[in-house]
Amino acid sequence: LIPASNSTFPLFSVKFRNSVLGLGEISLSETTLTVCFSSCFLVQVETGHLGDVYKIRISRDDLPSFKGWHLKSFHLEDLHTKQELKFKCNFWLTLKREDKELVKEFPAVTKDQKTLPVYKYVVSVYIGDPWAAETFSNVYITLYGKRRDTGVRKLHTSLTKGRKFQKNKLMNGTIIQSYTCRTVSLSHLQKVVIGQDGEGYGAGMSLNIVTVKETQDSDKVFPLWNWIDTHLGLYDTVCEIVTV
């Protein structure tokens with residue numbers, strides 16, 4: 001892991017996708033051999049066979065003491081076969097710059113396989129008009145496609161002004177909040193999993209639909225028209241929605 005020299009190294013976790021086993025994870029909270037240099041971290045972990053790794057997902061904790069972290073590159077080496085994968089990152093993991101995300105995905109760059117594209121998906125959440133349809137809770141979403149998923153993403157920063165999931169941006173009585181999700185191409189979106197954490201006053205929300213825009217011309221629609229609430233509708237704080 002090579003961060004920029006002027007950034008602080010936070011607690012982090014790295015998740016990697018492969019074609020055989022799916023998801024693996026490296027975390028500094030686990031027992032690892034960690035060596036720190038001025039601008040590089042070496043982390044040694046034991047894993048099973050990874051198969052063909054085609055992307056990694058890196059996240060950092062949202063701690064007040066860390067203002068931001070710039071990751072230049074990530075190298076993954078098999079100590080037995082000496083095979084090495086390189087990931088060109090050059091991104092800030094912070095809520096104050098660029099995409100304002102604490103989770104990033106990067107495709108593997110190898111001679112043997114095509115480097116997958118990275119897309120910026122626009123996720124729009126449509127909250128209904130019933131009384132108390134809004135929520136003060138934190139809302140999370142995971143996008144799924146033929147090429148796995150994005151992992152759980154907290155909807156941090158809305159593209160629309162005003163308080164999140166409150167009646168400040170209306171269209172025909174519907175609250176609309178839009179967010180970006182930058183990830184390695186999922187290849188044909190199939191479903192979303194969306195939920196709220198039950199925190200704050202009026203945690204439940206009345207969710208009409210979720211739309212996901214991958215390009216200028218394509219929108220996937222995920223309809224629900226129900227409450228995500230422990231006392232109404234689904235009687236649950238999380239739900240899975242397939243596209244129409």
Side-chain angles (χ1 to χ4, degrees), residues 57 59-64 94-105 119-145 148-183 186 188-244:
R57 182 183 307 140
S59 63
R60 54 149 288 194
D61 292 342
D62 185 15
L63 300 177
T94 176
L95 296 178
K96 297 180 180 180
R97 292 172 179 259
E98 296 173 354
D99 295 332
K100 299 183 178 180
E101 287 191 61
L102 298 178
V103 183
K104 299 281 188 182
E105 287 193 355
Y119 290 145
K120 184 180 290 185
Y121 295 87
V122 178
V123 178
S124 296
V125 180
Y126 293 69
I127 306 296
D129 195 36
W131 180 81
E134 313 100 308
T135 183
F136 288 95
S137 296
N138 295 306
V139 178
Y140 298 83
I141 196 168
T142 306
L143 310 182
Y144 290 82
R148 304 291 180 147
D149 62 82
T150 62
V152 179
R153 303 293 182 98
K154 181 179 178 180
L155 300 182
H156 282 286
T157 308
S158 176
L159 299 177
T160 50
K161 296 181 180 180
R163 300 179 66 180
K164 293 192 300 181
F165 304 110
Q166 300 299 307
K167 291 185 177 180
N168 47 52
K169 184 67 175 178
L170 300 177
M171 181 180 292
N172 297 326
T174 301
I175 303 169
I176 305 171
Q177 294 283 328
S178 296
Y179 300 82
T180 58
C181 179
R182 184 182 181 277
T183 182
L186 295 171
H188 304 295
L189 290 170
Q190 299 171 330
K191 67 179 182 180
V192 301
V193 174
I194 187 170
Q196 44 90 1
D197 61 5
E199 296 294 326
Y201 174 77
M205 66 177 180
S206 175
L207 177 63
N208 288 354
I209 61 174
V210 175
T211 65
V212 182
K213 180 184 288 292
E214 181 181 54
T215 66
Q216 288 283 46
D217 302 319
S218 67
D219 266 41
K220 290 287 187 180
V221 179
F222 302 86
L224 182 66
W225 303 95
N226 210 335
W227 285 85
I228 302 180
D229 197 319
T230 55
H231 304 291
L232 291 169
L234 300 175
Y235 292 95
D236 203 346
T237 58
V238 64
C239 70
E240 177 182 302
I241 315 171
V242 296
T243 186
V244 295

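Hydrogens, waters and symmetry mates are skipped; everything else that's a heavy atom, side chains included, is used. This is a predicted model, so every value here is computed, not measured.
Y121 contributes a side-chain N or O that, together with a main-chain N or O of L186, makes up a donor-acceptor pair within less than 3.5 Å. Between the side chain of S137 and the backbone N or O of E199, at least one donor-acceptor pair lies under 3.5 Å. Put simply, the side chain of S178 never gets that close to the backbone of L159: no donor and acceptor are under 3.5 Å apart. Of the possible polar contacts, none joining the S206 side chain to the I127 backbone as a donor-acceptor pair under 3.5 Å is found. Between the K164 side chain and the H156 main chain, a donor and an acceptor come within less than 3.5 Å of each other. In this structure, the side chain of R182 does not engage the main chain of K104 through any donor-acceptor pair within 3.5 Å.
For the pair W131 and W227, the tightest heavy-atom approach, listed with the atom from each and the gap, is O-CH2, 3.6 Å.
In this structure the side chain of L189 reaches within 4.5 angstrom of the side chain of F222, judged on heavy atoms. Here the side chains of P223 and I209 are in contact, with some heavy-atom distance below 4.5 Å. R153 places none of its side-chain heavy atoms less than 4.5 Å from the side chain of V123. No side-chain heavy atom of T183 sits under 4.5 Å from any side-chain heavy atom of L143. Under the 4.5 Å side-chain criterion, counting only non-hydrogen atoms from C-beta, L207 is in contact with I194. Side-chain contact check for V210 versus L224: every heavy-atom pair is 4.5 Å or farther apart.
Using a cutoff of 4.0 Å between basic side-chain nitrogens and carboxylate oxygens, K154 and D197 are not scored as salt-bridged.
To the nearest 0.5 angstrom, T243 atom OG1 is 13.0 Å from K191 atom NZ. In this structure, CD on Q190 lies 11.0 Å from CG on D149, to the nearest 0.5 angstrom. In this structure, OG1 in T135 is found 9.5 Å from CD1 in I228, a value given to the nearest 0.5 Å.
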